Amino acid sequence: MSTTTTPGVRPLVLVVMDGVGTGTGDAYDAVAAAATPQLDRLRDTGIHLEVAAHGTHVGLSSDSDMGNSEVGHNTMGAGRIIPQGAKRVDDAVRGGEIWEGAWQDAVAAATADGSALHLIGLLSDGNVHSSWDHLMLLLDHAKSDGVTRLRLHTLFDGRDVEDRTADRFAARLEEALVERTDGTDLDWQIASGGGRMVTTMDRYEANWGVVEAGWRAHVQGEARPFESVSKAITTLREETPGISDQLLEAFTVVDADGEAVGPVRDGDAVIIFNFRGDRAIELTRAFVEGDGFAGFDRGTVPDIFFAGMTLYDGDTNMPPVRLVQPPTITDTVSEVIARSGMHQLAASETQKYGHMTYFWNGNRSDPFDAETETYIDIPSDQIEFDKAPRMKAAETADYVIKALEEGGYTFLRSNLAGGDMVGHTGNFEATITAVEAVDEAVGRIATAVEAAGGCLVVTADHGNSEDMVERDKQGQPRTSQDGTPLWKTAHSTNPVPLYVVDYSGHRWEPAEGVEAPGLSNLAATLLVLLDLEVPQDYRPALIAPA
Ligand SMILES: O=C(O)[C@H](O)COP(=O)(O)O
Ligand SMILES: [Mn+2]
Ligand SMILES: [Mn+2]
């Protein structure tokens with residue numbers, strides 16, 4: 001039944017179960033709590049390894065940093081460990097490059113008569129999209145470089161940090177402002193904000209309405225008015241008890257006359273301080289694109305100086321001006337496979353589409369060879385994901401299965417989003433359902449791979465769903481005041497499983513002596529399974545012929 005365009009090579013299918021790590025199996029492990037007969041079957045039939053997916057294993061600063069999709073997919077696709085995210089910016093801070101070029105231009109614009117410097121980004125120390133320390137450094141340098149009028153537009157996290165901590169982060173920021181402005185004539189204020197999932201930080205164009213809400217709040221000063229950020233948080237929490245920080249409505253801070261304290265005006269400088277691109281690119285485009293911009297009706301677009309923390313999209317060179325230059329990642333695994341002439345398919349629902357294409361390919365959106373590569377984007381639901389926790393697992397599997405049945409592709413990769421996206425809601429029961437849907441999808445794909453005489457590799461980009469509770473320093477589960485578990489919405493530092501099942505008759509065994517196996521070993525593993533040469537600088541394959 002199998003036909004491939006490369007004679008003698010069977011199809012190789014990779015499934016990334018987003019956010020499905022290996023936990024302790026305790027009462028807060030939604031993967032252990034879920035019925036996963038298909039994953040159990042893979043574990044019993046093929047090779048089962050556990051690989052590291054966090055911290056220095058994926059190019060982050062320290063091993064206390066949890067993994068995330070950007071660094072996970074970058075590392076899997078690159079076959080090497082590339083300095084990432086916060087670390088890249090840290091290096092630029094250490095070397096001082098960050099305070100040259102674009103920063104100086106922003107300061108020049110912001111210190112011209114009556115102008116302001118706007119800092120927009122995620123108020124968090126989660127180190128996934130932004131860094132608290134970077135924000136503090138920006139404030140320090142704004143002060144020493146003479147920026148007198150500064151406005152902050154703060155997005156609440158609740159997703160990469162403990163939920164319902166927005167008030168604490170806002171208070172910390174207020175304190176940081178007082179520390180720097182007390183006894184001076186600096187006019188520095190928080191001007192707007194909102195929860196990241198409803199304000200500004202949409203991704204992959206899933207819902208431009210989210211960005212529009214941010215634009216109204218930050219740029220036009222026309223969101224729901226509050227006298228202060230703390231008043232906004234308190235009121236919104238009273239109105240919807242238990243609401244997650246991610247979902248707090250967009251707001252604008254107004255003065256005693258009801259005037260917005262910091263809309264963006266002609267001549268101002270705007271910096272987005274997030275370093276991760278997927279959720280920063282849409283607002284960036286709203287600022288820098290011309291009349292062709294179709295995301296939403298922006299009204300009058302202020303004429304400003306704009307810079308991002310770093311490059312958010314390499315293909316479109318967005319933003320054109322940034323404080324820190326990105327790393328170049330070449331010779332990624334799909335580039336190597338494309339050079340061999342093998343045909344490739346990438347399929348994912350929207351929430352993880354760019355992960356399986358852009359991040360996988362070393363921050364490049366377009367295929368290396370449009371003739372041989374097909375990308376499928378399956379529209380994600382536009383609701384909170386615990387309301388429809390199966391997400392598009394079945395539909396994603398359908399595409400992969402159909403492609404296998406029709407033949408033509410040698411390497412087929414896909415992402416199943418549920419373990420991660422539903423894990424981020426902190427809803428334990430819904431996360432179990434999400435993992436069960438992932439398991440079913442993997443099972444159906446496995447059956448199709450077997451029928452095609454192919455090879456299946458299943459892994460994950462980082463943990464999330466296998467550890468759903470906040471823990472104290474000793475690792476003990478924390479509870480709310482009423483004794484209920486303090487559900488965790490963030491990723492974890494756990495390892496992830498890696499299953500290899502070859503239905504073609506090739507026999508494999510775990511490779512010996514691989515040091516600290518991690519996601520960076522996946523690319524070489526795939527190339528060995530495809531019988532392609534592994535680039536010299538790749539980390540080694542985790543399997544060898546038996
Ligand atoms: O952007 C998000 O949803 C979270 O901050 C990180 O999740 P991801 O790294 O799995 O995309
Ligand atoms: Mn992920
Ligand atoms: Mn995630």
Side-chain angles (χ1 to χ4, degrees), residues 15-21 30-31 53-55 58-60 65-77 84-86 121-131 155-163 195-204 206-207 210-211 244-247 274-283 312 348-360 363 380 384-386 389 391 393 413-427 431 434-435 438 459-468 488-494 496 519 522:
V15 179
V16 177
M17 305 184 293
D18 213 293
V20 179
V31 179
H54 71 290
V58 287
L60 296 172
D65 292 329
M66 60 196 180
N68 69 67
S69 295
E70 173 187 32
V71 302
H73 286 77
N74 266 179
T75 307
M76 286 191 281
Q84 288 284 357
L122 186 65
L123 192 66
S124 165
D125 60 9
N127 269 340
V128 173
H129 291 268
S130 68
S131 146
L155 299 161
F156 305 129
D157 190 343
R159 200 170 166 85
D160 301 324
V161 295
E162 184 179 333
D163 200 2
R196 55 178 283 181
M197 293 306 275
V198 292
T199 316
T200 302
M201 285 177 64
D202 179 45
R203 70 173 163 207
Y204 306 139
N207 186 356
V210 169
V211 191
S244 173
D245 290 340
Q246 323 170 36
L247 302 177
N274 286 10
F275 48 74
R276 175 160 152 179
D278 58 346
R279 295 190 185 276
I281 184 73
E282 289 175 38
L283 183 66
Y312 299 142
S348 169
E349 68 173 272
T350 311
Q351 282 296 332
K352 302 290 178 183
Y353 172 75
H355 296 40
M356 244 13 217
T357 55
Y358 179 78
F359 289 146
W360 176 267
N363 305 338
S380 289
E384 289 152 38
F385 294 110
D386 55 344
M391 295 191 68
R413 63 186 189 273
S414 63
N415 179 303
L416 301 174
D420 183 59
M421 296 306 290
V422 185
H424 278 301
T425 67
N427 181 331
T431 306
V435 172
V438 167
T459 189
D461 57 339
H462 54 78
N464 179 343
S465 49
E466 81 294 347
D467 188 16
M468 294 289 294
K488 181 168 75 68
T489 52
H491 298 169
S492 72
T493 53
N494 284 326
V496 298
L519 291 182
L522 179 71

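No hydrogens, no waters, no symmetry mates; every other heavy atom, side chains included, goes into these values. Not measured: the values here are computed from a predicted model. Indexing begins at 1, ligand by ligand and atom by atom, following the structure's order.
- Closest to atom 8 (P) of ligand 1 among all protein heavy atoms lies Ser69 OG, 2.9 Å.
- Counting heavy atoms under 4.0 Å from ligand 1, residue His462 touches it through the side chain alone.
- At a cut-off of 2.8 Å, Asp420 coordinates the Mn ion (ligand 3) through an N, O or S atom.
- Atom OH in Tyr358 sits 9.5 Å away from atom CG in Asp278 (nearest 0.5 Å).
- Closest approach of Leu519 and Val58 over heavy atoms only: CD1-CG1, 4.0 Å.
- Between Ser124 and Asp157, the shortest heavy-atom distance links the atoms OG-OD2, 2.7 Å.
- For ligand 1, the atoms sitting less than 4.0 Å from at least one non-hydrogen atom of His129 are 1 (O), 2 (C), 4 (C), 5 (O), numbered in the order shown with element in parentheses.
- Here's the thing with Arg276: one of its N/O atoms is less than 3.5 angstrom from an N/O atom of ligand 1.
- Nearest heavy-atom pair across Val496 and Ala53 is CG1-CB, 4.0 Å.
- Residue contact annotation: Asn68 places no N/O/S atom under 2.8 Å from the Mn ion (ligand 2).
- Tested against Ser69, the residues Asp420, Asp461, Asn415, Asn74 include a single side chain to side chain donor-acceptor pair (under 3.5 Å) partner, Asp461.
- Nearest N/O/S atom of His424 with respect to the Mn ion (ligand 3) is recorded as NE2.
- From Arg203, atom CZ reaches atom OH of Tyr353 across 14.5 Å, with rounding to the nearest 0.5 Å.
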I'd like to know whether Glu384 forms a side chain to side chain donor-acceptor pair (under 3.5 Å) with Thr425, so could you lay out the CA-CA distance, the side-chain angles of the two residues, the decisive distance to 0.1 Å, and finally the verdict.
CA-CA 8 Å; Glu384 289 152 38; Thr425 67; over 6 Å; no
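- Screening Met201, Arg276, Arg159 against Leu122 for a side-chain contact (heavy atoms from CB on, under 4.5 Å) leaves a single residue, Met201.
- With a 4.0 Å heavy-atom cut-off, ligand 1 is reached by the side chain of Arg196 but not by its N, CA, C or O.
- At a 4.0 Å heavy-atom cut-off, ligand 1 touches Lys352 through the side chain alone.
- The shortest N/O to N/O separation between Asp278 and ligand 1 does not fall below 3.5 Å.
- Heavy atoms of Gln351 come nearer than 4.0 angstrom to ligand 1 in no pair at all.
- Taking both residues in full, the closest heavy atoms of Met356 and Ser414 are given as CE-O, 3.5 Å, listed atom of the first, atom of the second, then distance.
- Tested against Asp160 for a side chain to side chain donor-acceptor pair (under 3.5 Å), the candidates His491, His424, Arg196 yield a single pass: Arg196.
- Atom 4 (C) of ligand 1 has its nearest heavy-atom neighbour, among Val128, Asp160, Asp420, in Asp160.
- The nearest N, O or S atom of His462 is not closer to the Mn ion (ligand 3) than 2.8 Å.
- Residue contacts with ligand 1 include His491, since one or more of its heavy atoms lies under 4.0 Å from the ligand.
- The atom of Asp18 that is an N, O or S and sits closest to the Mn ion (ligand 2) is OD1.
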